[in-house]
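Below: the structure, in structure tokens.
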Amino acid sequence: MSKAVIENKIEEAVDLLEGGHMANVFGRVDLYEPEDLLKWDGSLKIEKILGVRTFYGLQRDDVKQASDWADKMFALEMKVSDMEPYKSISLFHHVLLKKI
């Protein structure tokens, strides 16, 4: 969503949906389905998937300077981290795995 809405990089958004990758300060980011993790190790089970950074990147930078903005945004992000459709549209997923 951020590629298409905020950055206006529609071609890059389409590329991501078609299996492309993106990069950030941490390096290359490959996109995959959470269920792919189970293929890497058959003794794992997905316990829960949480969506992270649903609204943060959609906010204008000028409002992020308010002293209480980060605390309010964190509370909002945590509130929707386990709710659909917010979880599905979040930028990142935290996949909680359990060894079986």
Item to check | Residue list, side-chain contact (heavy atoms from CB on, under 4.5 Å) with Leu97, at least two apart or on another chain | outcome: Leu37, Leu44, Ile46, Val95
Next on the checklist: Under the rule for salt bridge (Lys or Arg N to Asp or Glu O under 4.0 Å), what residues qualify as partners of Glu47, not counting sequence neighbours?
Outcome noted: Lys45
Checklist entry - Taking a hydrophobic cluster as the set of Ile, Leu, Val, Met, Phe, Trp and Tyr residues connected by side-chain heavy atoms closer than 4.5 Å, whether directly or through intermediates, do Leu58 and Ile89 fall within one such cluster? => result yes
Please tabulate, for the side chains in residues 70-81, all donor-acceptor contacts under 3.5 angstrom to protein atoms that are two or more places apart in sequence or on a different chain.
| from | atom 1 | to | atom 2 | distance (Å) |
| --- | --- | --- | --- | --- |
| Lys72 | NZ | Asp68 | OD2 | 3.0 |
| Glu77 | OE1 | Arg53 | N | 3.1 |
| Glu77 | OE1 | Thr54 | N | 2.7 |
| Glu77 | OE2 | Thr54 | N | 3.1 |
| Glu77 | OE2 | Phe55 | N | 2.8 |
| Glu77 | OE2 | Tyr56 | N | 2.8 |
| Ser81 | OG | Met78 | O | 3.0 |

Item to check | Set of residues satisfying side-chain hydrogen bond (donor to acceptor under 3.5 Å, both in side chains) with respect to Lys87, sequence neighbours excluded | outcome: none
Checklist entry - Side chains of Ser90 and Val52: does their closest heavy-atom pair fall under 4.5 Å? => result no
Next on the checklist: A side-chain contact here means heavy atoms from C-beta on lying under 4.5 Å apart; do Asp82 and Lys48 qualify?
Outcome noted: yes
Next on the checklist: Measuring from atom CD of Glu33 to atom CD1 of Ile49, what distance do you get when rounded to the nearest 0.5 angstrom?
Outcome noted: 9.0 Å
Next on the checklist: Can you list everything that forms a side-chain contact (heavy atoms from CB on, under 4.5 Å) with Val5? Sequence neighbours excluded, please.
Outcome noted: none
Next on the checklist: Counting only heavy atoms from other residues, nucleotides and ligands, does the tally under 6.0 Å from CD of Glu84 exceed 12?
Outcome noted: yes
Item to check | Linked hydrophobic residues, Leu50 as query - side chain contacts closer than 4.5 Å | outcome: Leu96
Next on the checklist: Holding to salt bridge (Lys or Arg N to Asp or Glu O under 4.0 Å), I want the full list of residues that pass it with Glu7, two or more places apart in sequence or in another chain.
Outcome noted: Lys3, Lys9
Item to check | Of all pairs that satisfy side chain to side chain donor-acceptor pair (under 3.5 Å), the ones with a partner from residues 34-44, not counting sequence neighbours | outcome: Asp36-Lys39, Asp41-Ser43, Ser43-Lys99
Checklist entry - Considering residues at least two apart in sequence or located in another chain, which fulfil the side-chain hydrogen bond (donor to acceptor under 3.5 Å, both in side chains) criterion with Gln65? => result none
